[in-house]
Amino acid sequence: MKYIGFFFSLLFSLLLAVSLSINMASLPPLAKIFDPFKGFWQNAYSEDYNPDSEVNLAGLQAEVEVTYDKNLIPHIFAENEEDLYKVQGYTTARHRLWQMEFQALAAEGRLSEIVGEIALKRDREMRRKGLGFGAKNKLKYLKKNDPRTLQLMEAYAEGVNAYIHQLSQAELPLEYKLLDYYPEPWTPYKSLLFLMNMAETLSGDSDLANTNFRNLFGAEWQQSLFPEHPQGVVPVVAKETWDFEPIKVKEPETTYIDSIKITQLLPEKEPGLGSNNWAVSGEKTASGFPILANDPHLALNLPSLWFAAQLSTPEYAVKGATLPGTLGVIIGFNENLAWGMTNADRDVKDWYKITFKDSSREEYLYNGQWIQSRRQLETFTVKGQNDFVDTVIYTHYGPVVYDRNFKMKGKPANFALKWTAHGDSNEQKTFINLNKAKDYSDFEEALTHYAAPAQNFVFASRNGDIGIKVQGKFPLKWSGQGKYLMDGSKPFYEWQGYIPEAHNAEEINPEKKFVTSANQHPVSDNYPYFVYNNNYEYFRNRRISDQLLQRTAITVDDMKALQLDNYNLHASEILPLMLDSLNRQNKVLGEKWLARLEAWDYDAASDEMAPALFQSWWNQTEKALYASWDTEGLPISYPNKFNLQPLNP
């Protein structure tokens, strides 16, 4: 009997050991997680621990010094740029390795490899949108046209990889242990993927939702509720005349497709994101020097999207916010100038309906001829399951995103995406050059390499100049082009080139003594090119402009206070009308709540009840309005709240 007992004890021990060493469902191997020498116990410290006093990093040309201040912000001092960016890569990986890799995998459509089937739908979307396609195009461009920038990107990657290679199993960030995988080597391609991910995050489009709206309610409603140039706006750049001769654009007779219903849409840009920036001339400041403020409102991440750092060589020293995975400071300042950005929200994504010859989709109709398409098989490694294979068809416009296998549920409908981010560009060089820029001419030269996502770049220099430029690679379109789904078989729906970079709107040392942007309409309505987006902001920018117009002897503390300003301009313009419209006999809100709203000064302080009351009332008003629309169950665009209120209330 004792042998039987021993056998069962041994069998149980073996089964327990095996079960703890393998993945059960989506759980990591528990033995690895609870291993006292390699498991999560070894991660019981902050990512911001004080690093070793000395690190041997192979391949450096000279010694590099890295110091940390009281806020644990790294300050990197190198003798040359290769060493600088190699150590930036190493230092960033030391604090943010998993964040860097996770974002690159997300952009490439590979999250299923580490989290399983839950990410497959998103992975398919990213690959069909062509984020990897765009990153590969940019890498080819760098190899051919800018080996120096590629060399610096490779130095950054070497620094990241040096950190990865020295990691023991015990030192792996906790996320790798929980998800049971090991970090891949970093490459310049991954840095470009990260930049593509930023372009995706900040490039929205409403073409297909607009198409549904127009086909349901007609062109008149569309124009009335979605005006291209609403009255009363304060654009980023307003001029009485423009100092260039615009390129002529031919406009076709038919500009959109009738009678098509699109039942599913890809997720639009996350609502609520927005940023503010401004620069004030020394003539309006107490010190006599310009002040630049930038407040980027991107999604709240843990860890933060940003990573503060100082980067220094004998030629320059720059401080500010970096993005883990890319080189240099993205928003910041050096000894001579400061710069910042807000999203410019231009329509740089267009959709084309593709007519294939037959179900094989090997040829598609264009200009009366059948054109060869390109087929690409996308294999998704799905953790815990068999591989999934998707077929993506490429046209000369770009990848076919919507088709019988994705979003269209077997329907013979194919929509291809054309997007400026797919093309050749060199955003990384923009930031490398901004880091060492000395004046406005350097600032302008750096921006010439920048394509996507479109941004409002604000600038202030030590010599007193201020300026702002709406920068990106913008398609040359006829009026209204790209607002709706277009017929990909007809050449007149093609973009007619790009607006020359020199014709992008900019303002330098204006008479008002300040420049500002907050995701609003970029230009005044006399700008000679078609400009469109369905989601411009119309309140924050007017509040900022109004405050800057009124102020003189401005201090840094004044600018901090303006960044924290809580005044609800929308409520100040619409709430009085809402209150006047009430039938007091019905007491819709109740006297208690009504009194709070009537006494409100429109400051949205956290301890004030009126802002929540107003927002709830406004949400219900919008909901009631839209509930009366017969949308036939189709997703549509909805008007901006600015276009739902009377002018000059």
Side-chain angles (χ1 to χ4, degrees), residues 22-29 98-137 139 175-187 189-190 192-194 196-197 199-201 208 262-268 270 325 349 351 354 356 358-362 364 373-395 397-417 419 421-422 635:
I22 63 173
N23 293 86
M24 295 183 293
S26 59
L27 294 175
W98 183 79
Q99 178 188 22
M100 293 166 61
E101 182 163 40
F102 187 85
Q103 289 175 330
L105 290 172
E108 196 176 10
R110 293 179 54 203
L111 288 182
S112 302
E113 296 179 22
I114 60 172
V115 301
E117 189 181 15
I118 192 173
L120 182 58
K121 183 177 178 181
R122 188 189 186 282
D123 282 350
R124 292 183 67 193
E125 178 186 331
M126 293 301 104
R127 294 205 201 181
R128 281 174 168 266
K129 283 184 176 179
L131 273 71
F133 170 65
K136 289 174 183 176
N137 287 339
L139 185 59
E175 296 86 354
Y176 289 98
K177 296 176 182 178
L178 291 174
L179 294 170
D180 192 30
Y181 77 108
Y182 194 83
E184 293 181 345
W186 195 261
T187 64
Y189 172 64
K190 289 183 179 289
L192 294 171
L193 277 171
F194 181 84
M196 283 295 300
N197 192 54
E200 163 63 17
T201 300
L208 303 182
I262 306 159
T263 57
Q264 293 189 60
L265 300 182
L266 295 173
E268 289 200 34
E270 184 178 344
K349 288 180 175 178
W351 294 92
I354 303 301
F356 285 105
D358 52 42
S359 61
S360 72
R361 299 190 293 174
E362 294 179 354
Y364 63 98
S373 64
R374 178 171 68 86
R375 180 184 302 268
Q376 182 166 310
L377 294 181
E378 295 284 355
T379 301
F380 298 81
T381 301
V382 183
K383 185 176 182 180
Q385 295 190 21
N386 294 330
D387 290 353
F388 179 87
V389 179
D390 195 8
T391 302
V392 181
I393 307 296
Y394 280 79
T395 69
Y397 295 112
V400 174
V401 182
Y402 291 79
D403 64 14
R404 64 197 182 198
N405 300 317
F406 192 75
K407 294 293 183 181
M408 302 310 289
K409 294 183 177 179
K411 296 179 181 178
N414 299 272
F415 304 155
L417 173 64
W419 181 18
H422 285 155

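Considering all non-hydrogen atoms of both residues, Tyr189 and Ala135 come closest at CE1-CB, 3.6 Å. The shortest heavy-atom contact between Pro635 and Ile262 is CD-O, 3.4 Å.
Relative orientation of the Tyr394 and Phe133 rings is tilted, given thresholds of 30° and 60° on the angle between their planes.
Put simply, the side chain of Thr381 never gets that close to the backbone of Glu113: no donor and acceptor are under 3.5 Å apart. Between the side chain of Arg128 and the backbone N or O of Val401, at least one donor-acceptor pair lies under 3.5 Å. Side chain of Arg375 to backbone of Arg361: no donor-acceptor contact under 3.5 angstrom is found. Between the Asp123 side chain and the Leu111 main chain, a donor and an acceptor come within less than 3.5 Å of each other. The backbone N or O of Thr379 lies less than 3.5 Å from a partner atom in the side chain of Arg127, making a donor-acceptor pair.
A salt bridge links Lys349 with Glu200; the closest basic N to acidic carboxylate O contact falls under 4.0 Å. Taking 4.0 Å as the cut-off between side-chain N and carboxylate O, Lys383 and Asp180 do not count as a salt-bridged pair.
At least one side-chain heavy atom of Leu131 sits under 4.5 Å from a side-chain heavy atom of Trp419.
Side-chain atoms of Tyr176 and Glu101 include a donor-acceptor pair closer than 3.5 Å.
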